[in-house]
There are 2 protein chains.
Amino acid sequence: MVASSVAAELIAVLVAVTEAAPQVLTIAEGASLPSGPLSPEHRSLQAGVRAWVERQTHHPLGYVEQLYTFADNDRNAASHADGRAISICYLGLTREQPNAKDDGATWCNWYDYFPWEDRRHGSVGDSTIVQALHAWAEAAPKPSQIRARSLRIAVAFGLEGRRWNEELVLQRYELLYEAGLVAEATRDGITCHSDTSGLGLGLPMQQDHRRILATGIARLRAKITYRPVVFELMPPMFTLLDLQRSVEALAGRLLHKQNFRRLVEQQELVEETGIMAEPTGGRPAKLFRFRADILQERAYAGTKPPLARS
Amino acid sequence: MVASSVAAELIAVLVAVTEAAPQVLTIAEGASLPSGPLSPEHRSLQAGVRAWVERQTHHPLGYVEQLYTFADNDRNAASHADGRAISICYLGLTREQPNAKDDGATWCNWYDYFPWEDRRHGSVGDSTIVQALHAWAEAAPKPSQIRARSLRIAVAFGLEGRRWNEELVLQRYELLYEAGLVAEATRDGITCHSDTSGLGLGLPMQQDHRRILATGIARLRAKITYRPVVFELMPPMFTLLDLQRSVEALAGRLLHKQNFRRLVEQQELVEETGIMAEPTGGRPAKLFRFRADILQERAYAGTKPPLARS
DNA sequence: ATCCTTATGCTCATTACCAGTATAAACAGT
DNA sequence: ACTGTTTATACTGGTAATGAGCATAAGGAT
């Protein structure tokens with residue numbers, strides 16, 4: 001009943017995939033996510049986001065879902081003096097990389113911000129990160145805290161026999177933030193107790209936008225394992241390898257080709273077009289198209305896991 | 001960047017389970033969910049919710065997560081004239097039913113609001129609902145809309161060979177709302193074209209609180225299948241049947257006893273206390289306790305599905 | 001002793017999942 | 001023409017998860 005008045009904005013994590021590279025739409029030369037006002041003329045928030053994004057990018061948004069609402073006092077430089085600033089964040093998927101650079105928006109490979117999340121070609125640089133994190137863990141005042149931190153590190157980075165979980169994007173970023181290993185942390189006044197201070201992993205963003213992006217990546221990585229949303233990122237026709245490369249780009253790891261194909265086909269999510277792809281040096285591949293008719297049903301019926309897996 | 005100023009409030013879906021009945025904390029004699037202000041003195045929203053709830057109920061909150069942020073113009077009577085009212089909703093789990101009726105808060109069985117969601121003793125009353133929904137579908141102006149509506153109905157209610165999906169709580173409520181079969185719809189000016197008008201299924205709530213509750217139930221039902229959160233609702237010691245009854249209460253359907261036990265034990269989520277439960281007419285059951293030590297790890301590591309299934 | 005009730009242990013078939021092998025279809029170079 | 005390279009596609013075996021059932025154990029009540 002008690003409703004305080006606060007400053008609120010919409011923030012969008014807009015994702016596309018081009019050539020096996022996951023892209024996110026940014027402004028301010030890659031330092032910010034696009035944000036817009038909470039316009040009262042739309043019936044729902046969702047509709048507001050969609051309208052605003054489509055007006056800016058001139059591209060239809062295939063899929064939109066709410067991501068999270070952030071309102072942390074200490075992470076948002078834009079907080080009002082009187083109240084709190086709320087960021088209502090959305091995740092949007094769009095087909096192809098739009099050429100619309102009109103208003104200073106650019107598409108950036110999201111692994112520029114999270115290099116450690118791309119493990120398609122091995123886990124390069126992990127040891128440095130883990131070392132620095134362990135230094136931070138050891139710097140905790142109480143033994144119980146040291147243990148707690150070490151456990152968090154081990155779980156997040158798949159150490160000690162655990163396996164890497166590609167959905168823990170946010171947990172990993174938050175660890176690095178708390179340990180002072182990303183630029184935003186030092187900016188926010190977090191001191192790094194280890195001598196590896198200021199590793200400055202990945203490109204920073206303004207305010208807490210990188211955290212929002214991490215949330216979006218995590219959500220999308222989780223989503224593709226149980227909802228057929230990858231197709232929102234694909235062109236009208238694609239080969240199964242194209243599709244696999246896109247999933248791999250999002251998940252940050254490679255998949256078993258044969259099993260991937262079987263999964264896709266037994267899901268009956270695609271159908272042949274009868275057209276063959278351009279030759280690329282090997283046996284030419286069939287072009288497939290997404291079965292839009294099945295989407296309606298699968299869009300919210302929890303059936304089998306549509307894609308991904310090891 | 002453009003940040004409009006809006007009215008904002010916190011809303012909590014607080015859940016407990018007593019005697020195989022899922023309970024939700026309400027105010028205004030069951031017509032509202034508890035809501036509080038967006039107090040700027042807390043570091044995060046989460047902390048704010050926790051503090052405010054614990055102060056009101058005098059009970060520790062075992063688990064809190066953000067649910068959704070609603071800001072629909074047409075569903076929220078509390079909208080400002082100038083701007084938009086935002087409801088940031090949280091889901092909270094608490095152990096046992098607190099006796100705290102201090103400030104007019106009462107615990108209500110959530111199936112009072114969603115009778116059709118409880119299928120533990122068969123699907124009573126479904127045919128009436130489905131009939132009324134089909135009447136609404138047929139009343140659509142265009143054939144394509146009729147088909148779309150029929151599909152939504154079939155998916156949501158598991159018709160035509162499909163199976164009931166207990167996580168589609170929100171979809172079912174929204175269908176009933178659109179079809180004018182719940183009291184809120186007529187209140188909001190939605191006319192019901194069929195003669196089954198005003199079925200008035202379930203108890204109504206103020207504003208869009210029933211929709212928020214539906215969202216909470218859906219989320220919780222999904223959550224228990226992949227995170228061990230049920231234990232937040234259990235007393236310190238319980239029998240495996242107690243645990244099963246709680247899961248069944250939340251899921252709204254019965255589970256296979258032996259398989260449930262196998263799942264719980266192979267997850268190593270519980271340990272024996274050595275104590276036996278009070279005799280209840282059959283062979284006495286062992287009392288178990290939740291292994292709090294395992295929680296840390298499982299809390300965010302995506303391992304095996306902890307509970308539920310058919 | 002017999003029956004009822006609940007607890008608990010075990011089996012079995014089906015299916016999902018993972019990894020590997022084998023073959024097919026194109027092209028480039030010798 | 002033959003060989004090697006690349007990519008596509010088919011098939012196979014092992015393991016684990018899942019769903020449904022049977023059987024037995026341990027208590028109380030008749």
Side-chain angles (χ1 to χ4, degrees), chain A residues 19-20 163-166 224-226 228 237-248 251 253-289 298 302-310, chain B residues 19-20 163-166 224-226 228 237-248 251 253-289 298 302-310:
Chain A
E19 303 283 330
R163 61 178 44 186
W164 176 267
N165 183 340
E166 66 272 8
I224 55 172
T225 68
Y226 63 91
M237 293 195 295
F238 48 83
T239 70
L240 293 184
L241 187 57
D242 289 340
L243 185 63
Q244 183 178 348
R245 293 281 172 258
S246 293
V247 174
E248 289 174 340
R253 66 194 175 98
L254 300 177
L255 304 174
H256 182 113
K257 183 190 260 196
Q258 293 92 326
N259 290 345
F260 178 82
R261 306 169 70 82
R262 180 182 54 190
L263 208 55
V264 172
E265 297 191 333
Q266 82 182 15
Q267 293 289 133
E268 299 183 304
L269 292 168
V270 297
E271 61 190 3
E272 296 187 9
T273 59
I275 309 172
M276 301 300 277
E278 300 291 305
T280 58
R283 171 175 169 177
K286 294 175 190 166
L287 281 174
F288 288 82
R289 101 167 50 87
R298 296 290 170 79
T303 46
K304 317 166 196 172
L307 293 184
R309 283 310 132 98
S310 171
Chain B
E19 303 283 332
R163 60 177 45 184
W164 176 267
N165 183 339
E166 68 270 7
I224 54 172
T225 69
Y226 63 90
M237 292 196 295
F238 47 84
T239 70
L240 293 184
L241 187 57
D242 289 340
L243 186 63
Q244 183 178 348
R245 293 280 172 259
S246 292
V247 174
E248 288 174 340
R253 67 194 174 96
L254 299 178
L255 304 175
H256 180 114
K257 185 190 259 197
Q258 292 93 325
N259 290 345
F260 178 81
R261 304 171 71 85
R262 178 178 58 186
L263 207 55
V264 172
E265 297 192 333
Q266 82 182 16
Q267 292 289 133
E268 300 183 302
L269 292 168
V270 298
E271 61 189 3
E272 297 186 9
T273 60
I275 309 172
M276 301 300 277
E278 301 292 307
T280 58
R283 172 175 169 178
K286 294 175 189 166
L287 281 174
F288 289 82
R289 99 167 54 87
R298 296 290 170 80
T303 47
K304 317 166 195 173
L307 292 183
R309 283 312 131 97
S310 172

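By convention in this document, chain letters (A, B, ...) are assigned in the order of the sequence lines, proteins followed by strands, and residues within each chain are numbered from 1.
Of all nucleotides listed (D:dA20, D:dA26, D:dA8), D:dA20 comes nearest to the side chain of B:Asn259. Taking the side chain of B:Leu241 as heavy atoms from C-beta on, and the options D:dA20, C:dA7, C:dC18, the nearest nucleotide is C:dA7. Of the candidate nucleotides D:dA20, C:dA19, C:dA7, D:dA20 has the atom nearest to the side chain of B:Arg262. Set against C:dG9, C:dG20, D:dT7, the side chain of A:Lys257 has D:dT7 as its closest nucleotide. Comparing D:dA10, D:dG21, C:dG20 by their nearest atom to the side chain of A:His256 picks out C:dG20. Residue B:Arg283 has its side chain nearest to C:dT6 when only D:dA10, C:dT6, D:dA8 are considered. Closest contact between the side chain of B:Pro284 and the listed nucleotides C:dG9, C:dC17, D:dA26 involves D:dA26.
D:dT7 atom C1' lies 18 Å from atom CZ of A:Phe238, rounded to whole Å. A straight line from NZ of A:Lys286 to P of C:dA25 spans 11 Å, rounded to a whole angstrom. Counting to the nearest Å, the P atom of C:dA7 and the CG atom of B:Leu243 are 12 Å from each other. Residue B:Arg261 contributes atom CZ, which lies 18 Å from atom P of D:dC22 at whole-angstrom precision. Computed from coordinates, the B:Phe260 CZ to D:dG21 P distance equals 19 Å when rounded to whole Å. Straight-line distance from the CD atom of B:Gln267 to the P atom of D:dA16: 15 Å, rounded to whole Å. At whole-Å resolution of the value, OH in B:Tyr226 and C1' in D:dT18 are 20 Å apart. Between the CG atom of B:Leu240 and the C1' atom of C:dT5 there is a distance of 17 Å, given to the nearest Å.
Checked by atom type and distance alone, the side chain of A:Glu248 never pairs as donor or acceptor with a backbone atom of A:Ala20 at under 3.5 Å. Although no hydrogens or angles enter the test, the distance criterion places no donor-acceptor pair under 3.5 Å between the side chain of B:Thr273 and the main chain of B:Arg289.
A:Gln258 contributes no side-chain N or O that forms a donor-acceptor pair with the base of D:dT12 under 3.5 Å.
Within the 4.5 Å cutoff, side-chain heavy atoms of A:Val270 are placed close to those of A:Phe238. A:Phe260 places a side-chain heavy atom less than 4.5 Å from the side chain of A:Leu243. B:Val264 is not listed as a side-chain neighbour of B:Gln244, based on a closest heavy-atom distance of 4.5 Å or more.
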